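Step one of this worksheet: look at the structure below.
This chain uses plain numbering: 1 for the first residue, then up along the sequence. Please read these numbers as outputs of a predicted model, since none were measured by experiment. Ligands are counted one by one from 1 in listed order, and the atoms in each one are counted from 1 as well. As a basis for the values below, the full set of heavy atoms in this structure was taken, side chains included, without hydrogen atoms, waters or symmetry mates.
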Amino acid sequence: RCSRDQMIIDAGQKHFGAVVCKSCGMIYTAASPEDEAQHVQHHERFLEGLRYVGWKKERVVAEFWDGKIVLILPADPKYAVKKAEDVREIVDNELGFKQVALSCPAKTKTYLFVSNEKMIVGCLVAESIKQAFRVLAEPVAAQSPGQDPLQQQHRAWRCSTQPEPAVCGVSRIWVFGLARRKGVARRMVDVVRSTFMYGSYLSTEEIAFSDPTPDGKLFATKYCQT
Ligand code: ACO
Ligand code: ZN
């Protein structure tokens, strides 16, 4: 899970002038024409994949001043399911997931946050689960001298060995780079809590975030406190 951040650090050291595109996430050397051309290509393909055309019977589960949340279920028409899969692939790629299979595709619910500009700026994949293991507070590790503080952030989380009952597992949550810190993730989780299980509003205890990244952990910690 740390490979992508690690790559940024390495790239920064090996190629002077490497930059990370805040919208498509690609690392490239601005001074190199080949790199720039490759970036433009990747950038356009990335944005194209996030374009939302929509369909007649889309399931809008929430509307906001800056967009809406659309829910896609496994039994939906092929084109809807295909869009959910395509977006998940983009997200997995950015998260560094390599072919992480869904535990049960027939029970997967995909929530897409679509901006007024018809772009998918958020994606949340939720699955039915029965139990989860709590992430334990990290022990205050003694900072070993000379250790990169960036690497320290990436210590493996400790999990309890005692399973706790849960209902909904968030296997992916992602927000477009330029749309972060505007409450998109928060609103997607709120909507999951009210729509995942018919007729009940899930508590934060009943929702589990699987294998969170550092960003995901910061978000989940904050979300579950409030
Ligand atoms: N650092 C510190 N606090 C954060 C961060 C962060 N990077 N992200 C969110 N928070 C906290 C803040 O307190 C924030 O409130 P504030 O902005 O008023 O301070 C609160 O959480 C709510 O944040 P949102 O705006 O709702 O979160 P956002 O829409 O930016 O999405 C997300 C958060 C999904 C983690 C985003 O940063 C992202 O896509 N990151 C890259 C992909 C990723 O790592 N996803 C998590 C994978 S783990 C998993 O999928 C189970
Ligand atoms: Zn880009």
Point to revise | Contacting atoms of ligand 1, where contact means under 4.0 angstrom from a heavy atom of Thr213 | key: 43 (C), 44 (O), 45 (N), 46 (C), 47 (C), 48 (S)

Point to revise | Closest approach of Phe46 to Glu94 (non-hydrogen atoms, all atoms of both residues) | key: CZ-OE1, 3.7 Å

**Study point:** Part of Ser171 within contact of ligand 1 (heavy atoms, under 4.0 Å)
**Key:** backbone

Check your understanding: Which is closest to atom 4 (C) of ligand 1 in terms of heavy atoms, Lys217, Met188, Arg181?
Key -> Arg181

Exercise for review: For residues Lys217 and Lys222, determine if any side-chain heavy atom of one lies less than 4.5 Å from a side-chain heavy atom of the other.
Suggested key: no

**Study point:** Structural part of Lys182 in contact with ligand 1, heavy atom criterion under 4.0 angstrom
**Key:** backbone

Practice item. For the residue pair Arg186 and Asp190, establish whether any side-chain heavy-atom pair is separated by less than 4.5 Å. Key: yes

Check your understanding: Between the candidates Pro212, Gly122, Ser210, Pro214, which shows the shortest non-hydrogen contact distance to atom 51 (C) of ligand 1?
Key -> Ser210

Review point. Who's closest to atom 31 (O) of ligand 1 heavy-atom-wise, of Ala179, Ala185, Gly25?
Key: Ala185

**Study point:** Short N or O distance, Glu94 and ligand 1, threshold 3.5 Å exclusive
**Key:** no

Check your understanding: Would you call Thr204 and Arg193 a side-chain contact if the rule is heavy atoms closer than 4.5 Å?
Key -> yes

Point to revise | Atoms in ligand 1 with a heavy atom of Arg172 nearer than 4.0 Å | key: 50 (O)

Review point. Does the side chain of Leu95 reach to within under 4.5 Å of the side chain of Thr213, using non-hydrogen atoms?
Key: yes

Point to revise | N/O separation below 3.5 Å, Phe209 to ligand 1 | key: no

Check your understanding: Leu50 pairs by side chain to side chain contact (heavy atoms under 4.5 Å, CB included) with which of Ile90, Val114, Leu112?
Key -> Ile90

Point to revise | Contacting atoms of ligand 1, where contact means under 4.0 angstrom from a heavy atom of Arg186 | key: 26 (O)

Practice item. Taking the side chain as every heavy atom from C-beta outward, state whether Arg88 and Arg172 have any pair of such atoms under 4.5 Å apart. Key: yes

Point to revise | Side-chain donor-acceptor contact under 3.5 Å, Thr195 with Tyr111 | key: yes

Exercise for review: Run through the protein N/O/S atoms less than 2.8 Å from the Zn ion (ligand 2) and write them out by chain and number.
Suggested key: Cys21 SG, Cys24 SG, His39 NE2, His43 ND1

Point to revise | Per-atom contacts, ligand 1 versus Leu95 - under 4.0 Å to a heavy atom | key: 42 (C), 43 (C), 44 (O), 45 (N), 47 (C)

**Study point:** Geometric cation-pi criterion, Arg187 with Phe113: 6.0 Å, 45°
**Key:** no

Check your understanding: Between Phe209 and Phe219, what is the ring plane arrangement, given parallel below 30°, perpendicular above 60°, and tilted in between?
Key -> perpendicular

Check your understanding: Would you call Cys21 and Tyr28 a side-chain contact if the rule is heavy atoms closer than 4.5 Å?
Key -> yes

**Study point:** Leu218 side chain near Tyr223 side chain, heavy-atom distance below 4.5 Å
**Key:** no

Exercise for review: Answer yes if the side chains of Tyr52 and Glu58 hold a donor-acceptor pair under 3.5 Å, and no otherwise.
Suggested key: yes

Check your understanding: Of all the atoms in ligand 1, which lie at a distance below 4.0 Å from a heavy atom belonging to Val170?
Key -> 51 (C)

Point to revise | Subset of ligand 1 atoms that lie under 4.0 Å from at least one heavy atom of Arg180 | key: 30 (O), 36 (C), 37 (O), 38 (C), 39 (O), 40 (N), 41 (C)

Point to revise | Residue pair Phe176 / Met119, side-chain heavy-atom distance below 4.5 Å | key: yes

Review point. For ligand 1, is there an N or O atom under 3.5 Å from any N or O atom of Asp215?
Key: yes

Practice item. Please confirm whether Leu218 comes within less than 3.5 Å of ligand 1 when only nitrogen or oxygen atoms on both sides are compared. Key: no

Revision key, fill the gap. At under 4.0 Å between heavy atoms, what of Lys222 touches ligand 1? The answer is side chain

